[in-house]
Amino acid sequence: MLQIHTHRNAPARLLPALALLALAALPASAAQAEGKLVIKAGRVIPHGGVDPIENGVIVIEKGRITAVGDKDTQVPWDAVVLDYPEYTAFPGFVESHTVRGTDRPNENIDVVPFLSVRDSVDPVSFYFEDALRWGITTINVQQGPEAVIAGQGMIVRPIGMTVEEMTLRPSAGVKLVARPKSRGFSSATQLQVMRRAFGDLRRYLEQLVADKKDGNDRARREALFQGRDLTGDNAKGRAMEGSAWKVAGLEGVPRGEIDAKQAPLLALVEGKMSAYIACASPMDVHHALQIARENGFLARSVLVISADCWKAADEIAEAGVPVILEGELMHSERDLYTGKLVETFVPRELNKRGIRFSLSSPSGQSSSLAYQAALAVGEGLARPVALDAVTRTAAQILGLGDRVGSLEVGRDGNVLLLSGDPLSVTTWVERVVIEGREVYDRSKDIRNRHLLEGRSPTGTTPMGAGPEDAHVHDELTPPEDHPDTRKDKKPGEAPEKGEKKDPPKGEGHGGGAEERQ
Amino acid sequence: MLIAFTLALAAGTSSGPQDNRSWTVQAATVYTAAGAPIENGVVTVRDGKIAGVAKGGGGGGDQHLNVAAVTPGLVDMSARMAPGMGAVEQSREITPEFDVAGALDLFDERWNSLAKTGVTTALTCPPDMNVIGGLGVVLKTEGPPSLAARVVLREAVLRGAFGSQPSQRNRGPSGRPENFYVRRPTTRMGVEWEHRRAFYDAAASRQDPERAFPGSERLVAAMEGKLPFVVQAWTTQDIRTAIFLKEELAKEGFGSLNLILDAAAEAWKEPQLLVRSQCAVVLPPFPEQGRTGEGAFMAHDSAKLLHDLGVPIALSAHGSTARASSLGRQAGFAMRGGLSFDAALAAVTLTPAKLLGVDKRVGSLEAGKDADLVLWNGPPFEPSSAVVGVIVDGRLVLDPRARDASQ
């Protein structure tokens, strides 16, 4: 039936196929989500703070964990059982801050808290596929650092074909950037633009209250013109909340009349939204804390810091804010006078001062969350702290401590089945379960197989080479038969036997799939 | 002696304990790279040499170190410590007589960075801007800053490069009359032709001394298999070109090149070709997404695949002194690709030492060899283990006790 279509309507041909896929996928996943799953593993590590359970059992019902225990744990009679005595069960890793998985992470306007990465997240980005491969099941996606007050981030799971399917928390706070924008911004400009944004908000609110008192209904007309909802709670005014500063009389203004462009900053000042503040140097930390204090959102602030910022660790500890450490764990600098290289292991400095911190994976495999945690252990961080820094603590920092980051009753059923210890270099993520659904199986991961063995996924190799043909030159012609070894060889002469089987350059090993990201 | 002492002072490396080159290093596991690991072992170091490796424990004092694991100092066959274009003779493409030792800056702090990642012996070659760039030198990464003190083997290998890199900075005449800046070859065809011509010319000089040219005796030594010919060959195409040249020279009766393929990321694609050619392979760092910066695709199981076929393999950091991509980390990544721990250890110690002909002195922990040791705080090559101590020729370059004190 498909053959009657010509190449002209190739997209049309795709549609029924996609619809079929969707139909096939949906009922199965829905059934699983409603169903019961039992995971039996040789070892269960619920989180960093407790001893592993040998021959442990995890029961997941309706996507949530209902029991974790040893082999005698009661399991529902009708549950699907995954029994892997050779594997270690571990909570899914939590990526507490990334700008990856988006289509262009930076909006170059300085103040855009009304934007949301929801409109930028690309569900088919390779990043999300890689995330599963590396066992990351919860991701805080935020706008990039080329802004002053950036858009709102969101928390997603790396599964689903639409942003809605992926969403765990549609709004995960506003990203603020204390480090200066790279093009022509000094720290002073950055700070001034940030202060002005809050000043603008204050003046806007004051004007709104004054207008209302004067009987000027400009804001209402604008809201109606925009088709905004002015019923229910939006019809009511509410006194301004928050600890730092207030505009009196806001209770007289229906909340629905407040400009949507100003609403996110107002939510921030009222303490109703989190702030992720990016800092690249110790002075940025100072600025970030200052702005947060001035505007009353210190209690809801998380600093996203680079290694350099450890020098402001005392100030961070005093402010009591948690941090997300991005990139390098080790800060190195040269003493100006002695020329000596001074290295500081940042997690130790944070831990010593009782600062809650999580680790983030800046890029690819050698900096996956497991790898970051392992490096931290190598440098002397206690293993439980390191494990939690990529799971439980990360979840707590995101305000999701009761949902993800550990294998405990009531948490989401996000379970990794690992071939070995979570921190070992030889360990592979074998299976991933998110909210009770099996979403990854390494034995079926063709791209991983390609990276590991160089084998190409079926059908992606031109010239008919299948997955088993990757090592095409296993049986070579003897040297004397080879054109290159013949004395009468001329440049450009047609290749013979040995070379015929050569996969076409560039495509022969996987269609360059790994380059697409 | 006095001169060496003065130099040491100048470099600020002279101090009491540093001059002391005798230690006892106790470890929960001693990986000797020459036989089974020893649980609860002690490596005794006397005056810069290994005096003994044995089971045992106890002991104390200033000269006693106690760690989780000890391995031999790592040997990097692709250290790339030559100072860029400062080590490239640009008047000719074939400069087999040039010795890179003359261009090395032993005061460069990268040596120290390299040593702290656990690399104690390194092969440094001329950069790959010439077709045959010259002679590589094997030297220690730490010690007094003089060649006399640091060299393990001078004129250890002859370095060549395939692919288009040696032609990249060259240009043909355009518009103006030919001038000084016109330099060839400008294609990879030209690069291969330069290789072939050099060896054929050298072969001719063997018959007729009149036809000798600077360095032709090095090319002859390479063809006779006496001087290893280490070539850069990232892709399948480059690897084939190199191997077919070797086979061509053999067929002509010129001799048998001792060919070592450096940065051979795509060696996994034609493993049987490597078996047939009896070449050794130096693998570049494992790329994160499979493809190297040079566009070669390196399967993650490359090291295992080649090792299982009996191809001698060495791993390399290919010039990186960063901890994240250090040689020890590469051994870990090779293990992730399926290589056993023992094979991974060999690929960063004894195998490269043998390939370079310096295994009498380095590459394993055996009595009489140089006291080059790496001290680890956990199982070597695991990311959760760090290099906490390094001893080069009995000198404590990185002190594990300093680390304990800082925690």
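For the numbers below, each heavy atom of this structure counts, side chains included, while hydrogens, waters and symmetry mates do not. Below, chains carry the letters A, B, ... as their sequence lines are ordered, and counting in each starts from 1.
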Discussion item. Under the criterion side chain to side chain contact (heavy atoms under 4.5 Å, CB included), I'd like the reasoning laid out for Leu451(A) against Phe286(B): C-alpha separation, chi angles, the key distance, then a yes or no.
Written reply: CA-CA 11 Å; Leu451(A) 284 172; Phe286(B) 289 90; over 6 Å; no

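- Between Trp428(A) and His300(B), the two ring planes are perpendicular [angle over 60°; tilted spans 30° to 60°].
- Summarising the geometry of Leu423(A) relative to Pro383(B), their closest heavy-atom pair is O-CG, 3.8 Å, with the distance given to 0.1 Å.
- The shortest non-hydrogen separation linking Glu382(B) to Val425(A) is OE1-N, 2.8 Å.
- Rounding to the nearest 0.5 Å places CZ of Phe381(B) at 13.0 Å from OG1 of Thr426(A).
- Residue with the most contacts toward chain B among Ser424(A), Ala373(A), Ala374(A): Ala374(A) (heavy-atom pairs, distance under 4.5 Å).
- In terms of heavy-atom proximity, Glu453(A) sits nearest to Trp268(B) at O-CZ3, 3.8 Å.
- Ranked by non-hydrogen atom pairs under 4.5 Å with chain B, the options Thr427(A), Asp421(A), Leu381(A) are led by Thr427(A).
- For the atom pair OH of Tyr371(A) and CZ of Arg329(B), the computed distance is 4.5 Å after rounding to the nearest 0.5 Å.
- Distance check: Arg449(A) CZ to Asp301(B) CG gives 10.5 Å after rounding to the nearest 0.5 Å.
- Pairing each heavy atom of Glu109(B) with each of Gly339(A), the nearest pair is OE2-O, 4.1 Å.
- Only the side chain of Glu343(A) comes within less than 4.5 Å of a heavy atom in chain B; its backbone stays farther off.
- Here Lys116(B) pairs with nothing under the salt bridge (charged side-chain N to carboxylate O under 4.0 Å, His left out) rule; sequence neighbours left out.
- Nearest approach of Ala386(B) to Gly378(A), heavy atoms of both residues: CB-O, 3.3 Å.
- Put simply, CD on Glu379(A) and OG on Ser385(B) are 10.5 Å apart, with the number rounded to the nearest 0.5 Å.
- Contact check for Arg403(B) versus Phe345(A): no side-chain heavy atoms found under the 4.5 Å cut-off.
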